[in-house]
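Please read the structure below before turning to the comments.
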Amino acid sequence: MTSAKSKPGSLLIKGGHLIDPAAKINAPMDVLLRDGRVAEVAPPNKLRGGADEKFDARGLIVAPGFIDLHVHLREPGQSYKETIATGTAAAAAGGFTSVCAMPNTAPVVDTAEWVAWLRHPERGAVVNVFPIAAATRSSRGAALTDFAVLQRAGAVAVSDDGKPILDEEIMRAALRLGAELNLPVVQHAEDTRLTEHCSMHEGPTSFRLGLRGMSAAAEANIVDRDVNLAQQIRESRLHVAHLSTSDALKAVRRGKRGIHSARVTCRVTCEVTPHHFTLLDEDVGEYNTNFKMNPPLRSASDREAILVALADGTVDAIATDHAPHATHEKQVEFERAAFGITGLETALALAITKLHREHKIPLTRIVELFTAGPARVFDLRSRGSLARGNFADVTIFDPKKRWTFEAAKCRSLSHNTPFDGWQFTGKVIATIVGGRVVYRAD
Ligand code: DOR
Ligand code: ZN
């Protein structure tokens, strides 16, 4: 959580165009924030209350604070890659007011003590941090952690991200326990029995480069199995992390159809990353390790299926899988390089440039994928919408602003991005957490 410094006071965001999909608002609105909450939302110049400060939002989109369901903040233990302070500063610059932190740290976040440590004000977070705790002890996949204790300490979900929960009986037990506690189980869907020593997607590019490739089936098989399991367990909640293949989407659609039948009450949700809706396996080029991540960049038909699913509502959230790594972990042979890229500071720009401008997905849907969608997936109460009384978390952006992303200038401690030098349309102008401006573009 954000540290409680001075009282936030009141802030009037004036003259902007509000997009709040959960509240079904897409219109010019003024927004008044007071004492860390949304005090009032009203058409231009109709607000009654005054404010200590004003923010001129003319020409800008005002949205509920963005929520990222999947980031790697690297603490405890790997502060040479990122810290909670630098990672949340990057989040703020990317318009995210809340981030969910994956537990594949050193040590793994598998106890209540580590969950509490992550949330402590001393970590210096500038946006809200919601811990995701490990689903199994040390994420070894063998014995479940104590979900109830972890949830009480503040974990919003459980996951062994970086690795799958491969054993079917362990996954069934995780979904059962999650169902009892109303806690989502987040699966990194990869059949690692099929992907050993693989470093990219299996296809013509892996063949050309002489690299062992991960098949699309290695992802889809696990999603398929997990959806089957979820459908056998009442009230279970399965969330598929960084979904990247067309076949996995088919399984998710099957899982979602189950929601509407009287018999099956499971909730199946999924997230997609900006790099998977933007790039292809062939972009790896000549062994460029800034295009190496897991799941890998896929084929054109996978990307096409993802674009359709983003537009039609199958995908619940855009999540970055922000995975910072140090230079020495990336500037090595492709097969030895670490999996993962940074993503917090380019997510909105990619969504606007690619999804909105190129593929004509409406801005309202894009905002939903960053706000109401993710808030629902993890039940983040009083967030994801600027309804009166909700937390005063706001993202303000300019959907028309052109700019060039420079990795050297980013807030993240690591610079392992494939988007260095890219020209974007769409820029975050200000990020407000609990009524306080934590980022402002210069
Ligand atoms: O590319 C990835 N990097 N995928 C993961 O699942 C883990 C992540 C990391 O922690 O670096
Ligand atoms: Zn993962």
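What you see is a predicted model; the values in this text were computed from it and never measured. Order of appearance sets the numbers: ligands from 1, and atoms from 1 within every ligand.
- The nearest protein atom to atom 2 (C) of ligand 1, hydrogens excluded, is given as Asn294 O, 3.5 Å; this is a heavy-atom distance.
- Less than 4.0 angstrom separates some heavy atom of Asn104 from each of these atoms of ligand 1: 9 (C), 10 (O).
- Residue-ligand proximity: Lys163 is placed with every non-hydrogen atom at 4.0 Å or more from ligand 1.
- By the 3.5 Å distance cut-off applied to N or O atoms, Pro295 is not counted among the residues near ligand 1.
- The nearest pair of heavy atoms linking Val186 to Ala241 is CG1-CB, 3.9 Å.
- Here the angle at the Zn ion (ligand 2) defined by NE2 in His242 and OD1 in Asp161 stands at 110°, rounded to 10 degrees.
- Ranking the protein heavy atoms by distance from atom 3 (N) of ligand 1 puts Phe339 O, 3.1 Å first.
- Close contacts between ligand 1 and Met293 involve ligand atoms 1 (O) [criterion: under 4.0 Å to a heavy atom].
- Cation-pi check for Lys354 over Phe277 is not met; the charged atom does not lie both under 6.0 angstrom from the ring centroid and within 45 degrees of its normal.
- Looking at His188, its N, O or S atom nearest to the Zn ion (ligand 2) turns out to be ND1.
- For atom 8 (C) of ligand 1, the nearest protein heavy atom (residue, atom name, distance) is His72 NE2, 3.7 Å.
- Counting only N and O atoms by type, the side chains of Glu345 and His322 include no donor and acceptor under 3.5 Å apart.
- Distances from the Zn ion (ligand 2) show that Glu190 has no N/O/S atom below 2.8 Å.
- Here the straight-line distance linking atom OG of Ser159 with atom CD of Gln187 works out to 7.0 Å at 0.5 Å rounding.
- Heavy atoms of Asp321 approach ligand 1 to within less than 4.0 angstrom.
- Counting heavy atoms from C-beta outward, Arg365 and His356 have side chains that stay 4.5 Å or more apart.
- For ligand 1, the atoms closer than 4.0 angstrom to any heavy atom of Ala323 are 3 (N), 8 (C), 9 (C), 11 (O).
- Taking every non-hydrogen atom of Asp161 and a distance limit under 4.0 Å, the qualifying atoms of ligand 1 come out as 6 (O).
- In terms of modelled atom types and a separation under 3.5 Å, the side chain of His120 and the main chain of Glu122 share a donor-acceptor contact.
- Heavy atoms of Arg74 come nearer than 4.0 angstrom to ligand 1 in at least one pair.
- At least one heavy atom of His242 sits closer than 4.0 Å to an atom of ligand 1.
- Annotation: ring-ring contact (aromatic ring centres under 6.0 Å, His included) contacts of Phe370 (sequence neighbours excluded): Phe66, Phe96.
- Here His325 has side-chain heavy atoms under 4.0 Å from ligand 1, and that is the only part of it that gets that close.
- Separation of the His188 and His242 ring centroids falls under the 6.0 Å cut-off.
- Below 4.0 Å from some heavy atom of His188 lie the following atoms of ligand 1, by number and element: 6 (O).
- Because its NZ or CZ atom is not both nearer than 6.0 Å to the ring centre of Phe424 and within 45° of the ring axis, Arg402 does not count as a cation-pi partner of that residue.
- Residues Phe378 and His239 bring their aromatic ring centres within 6.0 Å.
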